[in-house]
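Please read all numbers here as calculations on a predicted model, not as lab measurements. One-based numbering, in listed order, for ligands and for the atoms of each. Basis for what follows: all heavy atoms, side chains included, without hydrogens, waters or symmetry-related copies.
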Amino acid sequence: MAELTYNEKRLMVVLNTIKEATPDVIAGELNTTAEAVVQFAHLCAEKGIATLERDITVSYALTTEGQQYVTFGLPERQVYASFQDEISMKDMQAHPLARIAIGWMKKKGWVTIEKGIVKKTGEAPEGADEVALREPDASREGILELVKRGLAEETETITYRIAITENGKALVEEGLDLREEIGTLTREQILSGDWKEQNLRRYSVDKLPKRIIPGKIHPYQRLINEMRNVLLEMGFVEIYGEVVQSSFWNFDALFQPQDHPAREMQDTFFLDGSSPLPENWERVRDIHEHGGTTSSAGWGGTWNPAKAQTNVLRTHTTGLSIQYLKDHPDEPVKAFCIGRVYRREAIDPTHTPEFEQLEGIVMDKDVSFRHLMGFLKEFYGRMGFENVRFRPAYFPYTEPSVEPEVYVDGLGWVELGGAGIFREEVTDPWGVTYPVLAWGLGVSRVAMLKMGLRDLRQLYRSDVDWIRDTPMMQGGRD
Ligand SMILES: N[C@@H](Cc1ccccc1)C(=O)O
């Protein structure tokens, strides 16, 4: 049998003398609370040395309203007694209890009502409810009737009886070590060797504790926080922006031609509203039409301001970078943004119409493509991707453009975003003259790789088991 705790032993000693008692009585003996006694008894009962019987008794008491009727009777009885054989409804209504009484008198068959006259039927025997009003425990049927009417209330009392079993008696007869238990040792007790004399509380080291499920940050949010910290540590400032953007900032300012396929309905969520164009929008128009004051030839054709005003759910965060540059045209600029973007994608394991992007820009005198690759290597390295390489790519707003790839064990090289140096067509309208390194990446893709997910949708489901079981990432920080 498992060791008894000090408290269980004390309980057993008391039980051995009194054999059986309520928790209150034992609590008095042990100088503790009845609740504690029930708990000790429960543990002893599990060991078969005591029994714990639980008894629920239901009792009834009148409510304040019920008490008001004890002396003169229920409302229907009082009103019934207030007239002879019959009374007009109108006269009866003068009685303060008439409103409650009328329905009950009818229901109980004491009266009939015809043409505004209330007539006694001749019989109005005392009901079980009236008996219960006098003596709440006399009639169960009656008291339940009163409970229904809110005139009485039910209260449950739980009583316990604790008794000793034969095994329990035998155990106490054998003798129990009743020295007080201690759970901690002092330095003195250890030095003096006194600990050997102490009755140490036993701990079961092979028992698994109950699983504790504390609140924790969602694994995806943790990763986002981690990325944010990496960039803050690298000296970037965070920028924020609206989810709803004008086509102007989402596309035109980034030198995406107005007939670019990405601007089609099937790729972008277009909204009903529109936004006014910013100051100097004409420069963007000129760039598109003929290159404006830059060395560019532009896209040609006529640029349509109405098209640029149409609102969209942002398809990338790059529109925020260019707006930030417009407001901060002087070097140096090191800024990043983490935000949700929207694309009209069919949902499958690797595509969702909403996902997060991380975007960064660096603008300074003499920064070059090598710096861009250096920044990206540094960032990916801090995110745990040691091997990074770059493949040539195309974006309408950068030149040169690359797609960084990271090496992932088991998967090989995985594309992880886009990067490049903003074209003059993008920077010139806002008076930005130094080179701007720009890059963006899909945060959810990084999450898939880091968490080994096969299905991107897992990040957005409220799957509490997955959230609980996903460990805090290695090297992850808050
Ligand atoms: N906006 C690009 C990423 C990018 C950002 C900045 C420069 C170049 C590319 C995308 O959505 O994929």
Side-chain angles (χ1 to χ4, degrees), residues 227 231 234 236 238-239 241-243 245-257 260-264 266-269 312-326 333-345 350-364 367-377 379-380 383 388-406 414-427 430 432 434-449 456:
M227 292 184 160
L231 286 158
M234 287 171 73
F236 284 76
E238 184 165 7
I239 60 183
E242 301 291 328
V243 157
Q245 293 286 335
S246 63
S247 295
F248 182 84
W249 288 120
N250 196 76
F251 298 122
D252 295 281
L254 293 167
F255 198 50
Q256 295 212 36
H260 191 282
R263 297 179 71 150
E264 299 288 324
Q266 62 267 27
D267 290 311
T268 301
F269 290 105
V312 297
L313 288 180
R314 64 186 183 200
T315 62
H316 55 184
T317 40
T318 317
L320 300 182
S321 297
I322 185 61
Q323 286 178 74
Y324 187 77
L325 285 171
K326 170 187 73 104
V333 168
K334 271 170 91 181
F336 75 99
C337 159
I338 302 176
R340 188 165 282 203
V341 299
Y342 304 82
R343 289 185 197 170
R344 251 182 129 122
E345 306 258 21
T350 54
H351 294 90
T352 52
E354 304 181 33
F355 56 97
E356 280 66 34
Q357 256 192 354
L358 187 157
E359 178 95 11
I361 44 169
V362 176
M363 184 262 277
D364 205 355
V367 287
S368 70
F369 193 60
R370 291 194 68 83
H371 291 107
L372 174 62
M373 295 195 290
F375 270 115
L376 287 169
K377 277 203 160 148
F379 173 73
Y380 284 120
M383 287 306 300
V388 186
R389 72 178 188 187
F390 302 93
R391 282 154 57 96
Y394 171 77
F395 300 100
Y397 32 94
T398 48
E399 181 59 36
S401 305
V402 286
E403 272 172 4
E405 293 184 335
V406 296
V414 183
E415 183 238 300
L416 215 55
I421 301 180
F422 273 159
R423 298 173 71 104
E424 62 172 333
E425 289 94 330
V426 173
T427 50
W430 318 110
V432 175
Y434 290 126
V436 180
L437 316 177
W439 41 276
L441 67 108
V443 178
S444 41
R445 276 187 78 94
V446 175
M448 274 185 96
L449 296 176
L456 193 59

Geometry only, no angles: is [X] polar-contacting ligand 1 at N/O separations under 3.5 Å?
| X | value |
| --- | --- |
| Thr318 | yes |
| Thr315 | no |
| Gln357 | yes |

Contact atoms of ligand 1, heavy-atom distance to [X] under 4.0 Å:
| X | answer |
| --- | --- |
| Glu359 | 5 (C), 6 (C) |
| Arg343 | 10 (C), 11 (O) |
| Phe395 | 8 (C), 9 (C) |

Spacing of OG1 belonging to Thr315 relative to CG belonging to Asp267, to within rounding of 0.5 Å: 9.0 Å
Atom pair CG (Leu320) and CD1 (Ile338), whose distance is rounded to the nearest 0.5 Å: 12.5 Å
Sub-4.0 Å heavy-atom approach of Ala419 to ligand 1: yes
Close approach, Tyr397 and ligand 1, non-hydrogen under 4.0 angstrom: yes
Heavy-atom neighbours of Glu354 CD exceed 12 at 6.0 Å: yes
[atom] [closest protein heavy-atom partner, distance rounded to 0.1 Å]:
| atom | answer |
| --- | --- |
| atom 7 (C) of ligand 1 | Ala438 O, 3.6 Å |
| atom 5 (C) of ligand 1 | Gly440 N, 3.4 Å |
| atom 9 (C) of ligand 1 | Gly418 C, 3.5 Å |

Parallel, tilted or perpendicular, as decided by the 30° and 60° cut-offs, for the rings of Trp430 and Trp249: tilted
Contact check, side chains of Phe255 and Glu399, non-hydrogen atoms, under 4.5 Å: no
Residues Glu403, Arg391: salt bridge by 4.0 Å N-O rule: no
Ring centre gap for Phe236 and Phe375 strictly below 6.0 Å: yes
Donor-acceptor contact below 3.5 Å, side chain Tyr324 vs main chain Val333: no
